[in-house]
Amino acid sequence: MTPAFLSGLNEPQLEAVTLPRQSSLILAGAGSGKTRVLTTRIAWLIQTGQASPLGLLAVTFTNKAAKEMLMRISAMLPINTRGMWVGTFHGLCNRMLRTHYRDAGLPQLFQILDSQDQLALIKRLMKQLNIDDERYPPRQAQWFINTAKDEGKRAKDVDPYDEFSRRMAEFYAAYDMQCQREGVVDFAELLLRSYELLARNEVLRDHYRARFRHILVDEFQDTNRLQYRWLQQLGGEESCIFAVGDDDQSIYAFRGASSANMQDLQKDFHIEKVIKLEQNYRSHGHILDAANALIRHNHRRLGKNLWTSEGKGEPLRVYEAATDLEEAAFVVEEVKALRNDGIALGNMAVLYRSNAQSRVLEHALFNASVPYRVYGGLRFFERQEVKHALAYLRLVAQSGDDGALLRVINFPARGIGARSLEQVQTVARERGISLWGAACANTLSGKAAASIGAFVGLIEKMREATQGLPLPETIEHVIEHSGLRSHYQNEKEGADRLENLSELVNAASAFVAENEVLIVGDVPEVQSDTPVAMQAGAEYTADVPANTDNKSDMLVTFLAHAALEAGEHQALAGADALQLMTVHSAKGLEFHAVFISGMEEGLFPHENSLTEADGIEEERRLMYVALTRARRRLYLSLAQSRMLHGQTRYNIASRFFTEIPEILLKRINARPRYQDSSVRSTGTASALSTAGPGPDMPWRIGQSVMHAKFGSGVIVSAEGRGTEARVQVNFRDAGLKWLMLEYAKLAPVA
DNA sequence: TACCTCCACGTTTTT
DNA sequence: CGTGGAGGTA
């Protein structure tokens, strides 16, 4: 009897899903049903009794992907997915560390720092240690520490190859100590700590290895070294790993992802079977042909060619605008036309390489009254007012985290200035305790004693008053009694902030509703720091440490949730809106129509990528991701001139155009560029018109030209007249050059 | 303490 | 061009 959920799978998909007990790598092209294969595999393993729901581990990168997976599993099988180890790397590590906090050397109520919090801590610590933040910028220190952790390195393992890295490594050590003092853990630390826990504790490692006979990994090409090693710890001789990924869609090398892990995986896990999913269910043929042709320019690929059983569809539409404004106007017009043809705005997306490009587009869309939604930017739990409320909650939860205290000790203002704070900090430093501990100590003098004492009293009163209250009411109480509410009521721009604060209460209600069963229900004992208990075969299914009362459980879990899942980028605007986002954030999505804007050298591929090792290849993969987002219609647009960083830049067409067969492209504005009479730039144009070869072919700024020796370029400025006339050309390969028009045999390129 | 002005900076980003 | 941070002044 075949389970219903297997029907409709194609041959390689079915093979992957029903693969007998062994480790395997699934090379899943864009739009090939990757998520479906992964979730159906889980359903199949459970249905056929090869794995119990608690005996498998499925790991993703984003919360969205994890949720999607759980949803699909429950749609296929009548099981309760709660308690299953399905989640993000960070989420699962958090769960593991909460369960084994003592073995991991952490306080039971450790707090998670998001990147903002981490940076704040670094700045604070640098000041305290008198480190020159000019020579050692906090951002670089943050990068240094995170990169080291992502490679599995502690401060002592870092190779101090020069003075700078020596100082950085020193600071790294101090930073880790400070985190330990405060009982806080940054994102990379969740991974590293969890990895070290498994690496050092054989009993624990064996326990998890025996439990997780099946490990499934999504987006495997995005794993970094540490994540890979974490998986190695969890996968024993008896475990099978089922890794799904696409080396052609590896676009996060810049943050440590290494698709070399795909090669290593085959060796380390003795993989014999690599299954390729190449049938694409998303795009029409021309779009796939373009994507395949483009990505063939990359080397060292595992090799894959997408195909579809659907028709070729339309060619790719190419539009070359004179300016970024004109490009935006074009996008607006096409979007309106498509909408009139009945395509929902939400089914169209405008993609760009960098966020800075969105402004012009937003402007044009706003003026044309086309609803749009921009992805990226500030997320819910990162908002100032929300972070303030969370900081109060951390203090109420008895966290020793200095960041929380500093954030709110004088917000809303209650007369605690630098001087008072200084006293607290001195006490904390002298005794090696947290700021909260120091604030509670009765050793302060003068004005500080009173104001600090009042603050401590405030927090303690809130703690008492919320004892036994459900989480949403606790938050409500804290917002009210901390003075946050009245503060924002008096602020002229405070309405939105107040709304976000009530949204926080709502979020807590939803969170409680989702997690109540877990907390109240029959949760097995989780005090698992004793290996003996584990050898006895205890199962760990709980998400949270067993604690004295449910509310404080819930509060701590909620705080972790807030850090790990920063929430939607923007509150769902509900209404149908055009989607604007970077190519990176478009990964995994698909749209009926896609606009890829800014198809220019320097922008896409980005100029900074040219100096990086394999930078161009990563840009090309990014382009590949962009192309494969489109189902039916794809636009590629560029602008000859563009305002960037306050000045006009002239770019030539992206090299990626030359990597897509011309036959797949349809140039929409076929008219030669020099006849285009729209927006023209700069006063030097007059010099050009007299110097040019004739009125029907004037040299002008922004003109693409070809030079016998230097190749292709764009005119960026000009001076002089007649035989004196010179132009400055930005050549793709040769860079900026001044050329005498009389001698340089420049040929215009349409 | 709040506001304002000046200056530096400017890929991609999840957790 | 636009923003965000820092530092100075009322």
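Reminder, nothing fancy here: chain letters follow the sequence lines and each chain counts from 1. Reckoned from all heavy atoms, side chains included, excluding hydrogens, waters and symmetry mates.
- Atom OH of A:Y375 is separated from atom P of B:dT11 by 24 Å (rounded to the nearest Å).
- Using a cut-off of 4.0 Å between Lys/Arg side-chain N and Asp/Glu carboxylate O, A:R154 and A:E189 are scored as salt-bridged.
- Applying the 4.0 Å criterion to OP1 and OP2 of B:dT14, one finds that A:N224 has every side-chain N and O outside that range.
- Rounding to the nearest 0.5 angstrom, the gap separating the CG atom in A:N500 from the OH atom in A:Y488 is 9.5 Å.
- Nucleic acid contact for A:G87: none, since no nucleic acid atom lies under 4.0 Å from a heavy atom of the residue.
- Remark: A:N355 is in phosphate contact with B:dT12, judged by side-chain N or O atoms under 4.0 Å from OP1 or OP2.
- Within the structure, side-chain hydrogen bond (donor to acceptor under 3.5 Å, both in side chains) pairs that include any residue of residues 619-628 of chain A comprise A:N298-A:R620, A:R353-A:E619, A:E618-A:R621, A:R620-A:E659 (at least two apart or interchain).
- What separates CZ of A:R353 from P of B:dG10 is a distance of 15 Å, to the nearest Å.
- An OP1 or OP2 oxygen of B:dT12 is reached within less than 4.0 angstrom by no side-chain nitrogen or oxygen of A:N608.
- A:I416 places its CD1 atom 14 Å from the C1' atom of B:dT1, with the value rounded to the nearest Å.
- Below 30°, between 30° and 60°, or above 60°: for A:W85 and A:Y208 the angle between ring planes is between 30° and 60°, a tilted geometry.
- Nearest nucleotide to the side chain of A:S354, out of B:dT13, C:dA6, B:dT11: B:dT11.
- Each of A:D222, A:T582, A:T62 was checked for a side-chain hydrogen bond (donor to acceptor under 3.5 Å, both in side chains) with A:K587, and the lone residue meeting it is A:D222.
- In the set B:dT12, C:dG2, B:dT15, the nucleotide with an atom closest to the side chain of A:R359 is C:dG2.
- Here B:dT15 is the nucleotide among B:dT15, C:dC1, B:dT12 with the atom lying nearest to any side-chain atom of A:T62.
- A:D114 comes within 4.0 angstrom of nothing in the nucleic acid, heavy atoms only.
- A stacked arrangement is assigned to A:F254 and the six-membered base ring of B:dT12, with a centre-to-centre distance below 5.5 Å and an interplanar angle below 30°.
- Syn is the conformation of B:dT11, whose glycosidic angle sits no further than 90° from 0.
- Looking at heavy-atom distances under 4.0 Å, A:E612 makes contact with a base.
- Residue A:S115 places no side-chain atom within donor-acceptor reach of the base of B:dT13, judged by atom type and a 3.5 Å distance cut-off alone.
- By the neighbour-count criterion of 12 heavy atoms within 6.0 Å, atom CD of A:Q116 is densely surrounded, having more than that number from other residues, nucleotides or ligands.
- The CE atom of A:M581 sits 12 Å away from the P atom of B:dT14 (whole-angstrom rounding).
- Contact between the side-chain N/O atoms of A:T582 and the OP1/OP2 oxygens of B:dT13 is found at a separation under 4.0 Å.
- Distance check on atom P: B:dT13 versus C:dG4 gives 16 Å, rounded to whole Å.
- A:H388 and A:F411 have parallel rings, their planes meeting at less than 30° on a 0 to 90° scale where 60° marks the start of perpendicular.
- Residue A:E382 contributes atom CD, which lies 10 Å from atom C1' of B:dT14 at whole-angstrom precision.
- Proximity note for A:S585 (side chain, C-beta onward) versus B:dT11, C:dA6, B:dT13: the nearest is B:dT13.
- Going from atom NZ of A:K64 over to atom C1' of B:dT13 covers 14 Å, rounded to whole Å.
- Judged by ring centres under 5.5 Å apart and planes tilted less than 30 degrees, A:H584 fails to stack against the six-membered base ring of B:dT12.
- Taking only side-chain atoms of A:E619, from C-beta outward, the nucleotide of C:dC1, B:dT13, B:dT11 with the closest atom is B:dT11.
- Phosphate contact (OP1/OP2 of B:dT15, side-chain N/O of A:R379, threshold under 4.0 Å): present.
- Nucleic acid contact class of A:F89 (heavy atoms, under 4.0 Å, all strands): none.
- Comparing A:F187 and A:N410, the nucleotide of DNA chain B nearest to each residue sits closer to the 5' end for A:N410.
- Residue-to-nucleotide proximity on DNA chain B shows that, of A:G417 and A:A563, the 5′-proximal contact is made by A:G417.
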